[in-house]
Amino acid sequence: MTESYDDWGMATRAIRAGHNRTGEGEHSEPIFTTSSFVFNSAAEAAARFSGDAPGNIYSRFTNPTVACFEERLAAMEGGASCVATSSGMAAILATCMALLKSGDHIVSSRSIFGTTNVLFNKFMAKMGVTTSYVALSNLSDWEAAIRPETRILYAETPSNPITEVGDIAALAALAHSRGLILVVDNCFCTPALQQPLALGADIVIHSATKYLDGQGRCVGGAVVGDSKLVGEEVFGFLRSAGVTMSPFNAWVFLKGLETLHLRMKAHSENALALALWLEQQEAVERVHYPGLKSHPQYELAARQQQSAGGIVSFVVKGGREQAWKVIDSTRMLSITANLGDTKTTITHPASTTHGRLTDEEKQAAGIEEGLIRIAVGLEAFDDIQRDLQSGLIG
Ligand SMILES: *Cc1c(COP(=O)(O)O)cnc(C)c1O
């Protein structure tokens, strides 16, 4: 960060942080579509390359539009450094490659994004990095899984799809008592609802593809943290490996960030109303939503998050057959596994996002055959409710 944004509220950071107006006096952030930058002299080029002088060099690792997004997201998360990446998976890869070496070990919450599981179990394992999985909300499970070679605790909260909530401050205290790094994937809450760094986490991961964009347009990601781990180590990996965010995508995400706090509030309001309504339905066995008093970590979520977020899942009576019937009865909701969009999406985790899990793994993760996940969008609540009602009642 080139400035301190300490005095600015979240909404102001979301709208104004990071933009250094050019001589043209533009009001909206410009898109710099240039692969390289020119220098005034050979000496200036040498100084930039050696790092003695700040400034742009080449858009694999320096671009003003991308830098504006990085500075804005860092300000919102309360981190000193942010590295924007080509996708959320690239953000997780860059973090692992920068901070881990062969022989190291990760302790991760069990119900993480499915592709993160594949990255850890297949590709990180191939590089000699192993992973143990634990129950997100069970601190003694985390503690018991730590080995002498553990380097990272990796958590995603709330979890997908059953919205289990992990105690970030407690995990940070555990990590730091053992000299470990706590990484939190903050995709579901975004900095508008949860600031993991303020709770003690060392690194925040984002899939910008989801709520940061918020309108389902671009794929991107980010790593936020301090100037050493992120500003030097993760940045160093990006510079060499080129998992770079494009300036155009950075600009789309910048525009997304400006309304993030409003959208997250509206997603949460629609989701809470839907969760409360679903709880009343005869055809519904159980509803998972951190904003419900029936949620096992209701109080933790109320303390740790500004609101409960946009993801609701529920179990219908009658297993897969009934779940598919509810999904196929909708006319407006989008049947897709994506989330964080203005458009409400509906999915059957057991046969899609979590279809690769074994029966035991599904059971441990709470992925029942009757489970349906809704990423609640910003349409009129009555229309979302009516669309679900036909399959639940009819
Ligand atoms: C989508 C997602 C990712 C991966 O992000 P991509 O942008 O699709 O690569 C990581 N974590 C969570 C929680 C996600 O939902």
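Nothing fancy with the numbering, it's 1 onward along the sequence. Numbering of ligands and ligand atoms starts at 1, following listing order.
- Remark: ligand 1 atoms within the under-4.0 Å shell around heavy atoms of E156 are 13 (C).
- Under the 4.5 Å side-chain criterion, counting only non-hydrogen atoms from C-beta, F235 is not in contact with V223.
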Subject >> Worked check of salt bridge (Lys or Arg N to Asp or Glu O under 4.0 Å) between E269 and K265 >> reply: CA-CA 6 Å; E269 283 167 7; K265 190 164 174 268; 3.7 Å; yes
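- Residue N270 holds its CG atom at 11.5 Å from CD1 of I374, rounded to the nearest 0.5 Å.
- Nearest non-hydrogen protein atom to atom 4 (C) of ligand 1 is F113 CE2, 3.4 Å.
- For the pair G220 and ligand 1, a heavy-atom separation below 4.0 Å is found.
- If you take CD on E71 and CG on L254, they are separated by 10.5 Å, rounding to the nearest 0.5 Å.
- Figure legend: cation-pi geometry between K210 and F113, with NZ or CZ positioned under 6.0 Å from the six-membered ring centre and within 45° of its axis.
- Residue contact check: K210 has heavy atoms under 4.0 Å from atoms 1 (C), 2 (C), 3 (C), 14 (C), 15 (O) of ligand 1.
- Residue-ligand proximity, T209 to ligand 1, at heavy-atom distances under 4.0 Å covers atoms 6 (P), 7 (O).
- In terms of protein heavy-atom proximity, atom 9 (O) of ligand 1 is closest to M89 N, 2.9 Å.
- Scanning all protein heavy atoms for the shortest distance to atom 12 (C) of ligand 1 gives D185 OD2, 3.4 Å.
- A cation-pi arrangement is found for R239 relative to F61, the charged atom lying closer than 6.0 Å to the ring centre and inside a 45° cone about the ring normal.
- Within 6.0 Å of the CZ atom in R217, the count of heavy atoms belonging to other residues, nucleotides or ligands exceeds 12.
- In terms of protein heavy-atom proximity, atom 8 (O) of ligand 1 is closest to S207 OG, 4.1 Å.
- The shortest N or O to N or O distance between I92 and ligand 1 is not under 3.5 Å.
- Polar contact with ligand 1: absent for C187 (N/O pair, distance under 3.5 Å).
- Counting heavy-atom neighbours within 6.0 Å of E299 CD, excluding the residue itself, gives a total of 12 or less.
- Residue N160 places every heavy atom at 4.0 Å or more from ligand 1.
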